[in-house]
Amino acid sequence: MGKWDHLDREQIEVKLDVLILENERLKAEIARLRGVKPAASGSMESMSTKLREALYE
């Protein structure tokens, strides 16, 4: 038995729509983070800090 077995079709569709929107948001966030360039003289620590700050936005 799945954890959504107790839901009717409409409830499952609503949950699916929410998950699809969240997936699209995460894909956009990943694409944005991939565009982050390392600092010319920066260390890995500064890159890590930038990524952490980007995740908090």
Side-chain angles (χ1 to χ4, degrees):
M1 293 258 179
K3 65 180 185 178
W4 289 11
D5 286 348
H6 66 283
L7 301 176
D8 64 20
R9 183 177 178 92
E10 284 183 29
Q11 290 171 319
I12 290 173
E13 288 174 354
V14 168
K15 284 193 172 283
L16 182 60
D17 289 341
V18 169
L19 291 173
I20 290 170
L21 289 173
E22 177 70 2
N23 189 42
E24 292 302 317
R25 187 190 67 78
L26 290 171
K27 283 181 186 178
E29 182 70 9
I30 289 168
R32 187 181 69 78
L33 290 174
R34 283 186 177 152
V36 173
K37 304 283 187 238
S41 63
S43 65
M44 288 303 290
E45 182 177 291
S46 65
M47 184 64 171
S48 175
T49 302
K50 286 180 182 179
L51 289 173
R52 231 180 292 125
E53 289 172 357
L55 288 172
Y56 285 123
E57 290 179 2

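Surrounding CD of Glu24 are more than 12 heavy atoms belonging to other residues, nucleotides or ligands, all under 6.0 Å away.
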Under the salt bridge (charged side-chain N to carboxylate O under 4.0 Å, His left out) rule, what do Glu13 and Arg9 come out as? Steps first, then yes or no, please. CA-CA 6 Å; Glu13 288 174 354; Arg9 183 177 178 92; 3.1 Å; yes
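In this structure, CG in Leu16 is found 13.5 Å from CD in Gln11, a value given to the nearest 0.5 Å. Here CD1 of Ile20 is found 13.5 Å from NZ of Lys15. Values are rounded to the nearest 0.5 Å.
There is a path of hydrophobic side-chain contacts, each under 4.5 Å, that joins Leu19 to Ile12.
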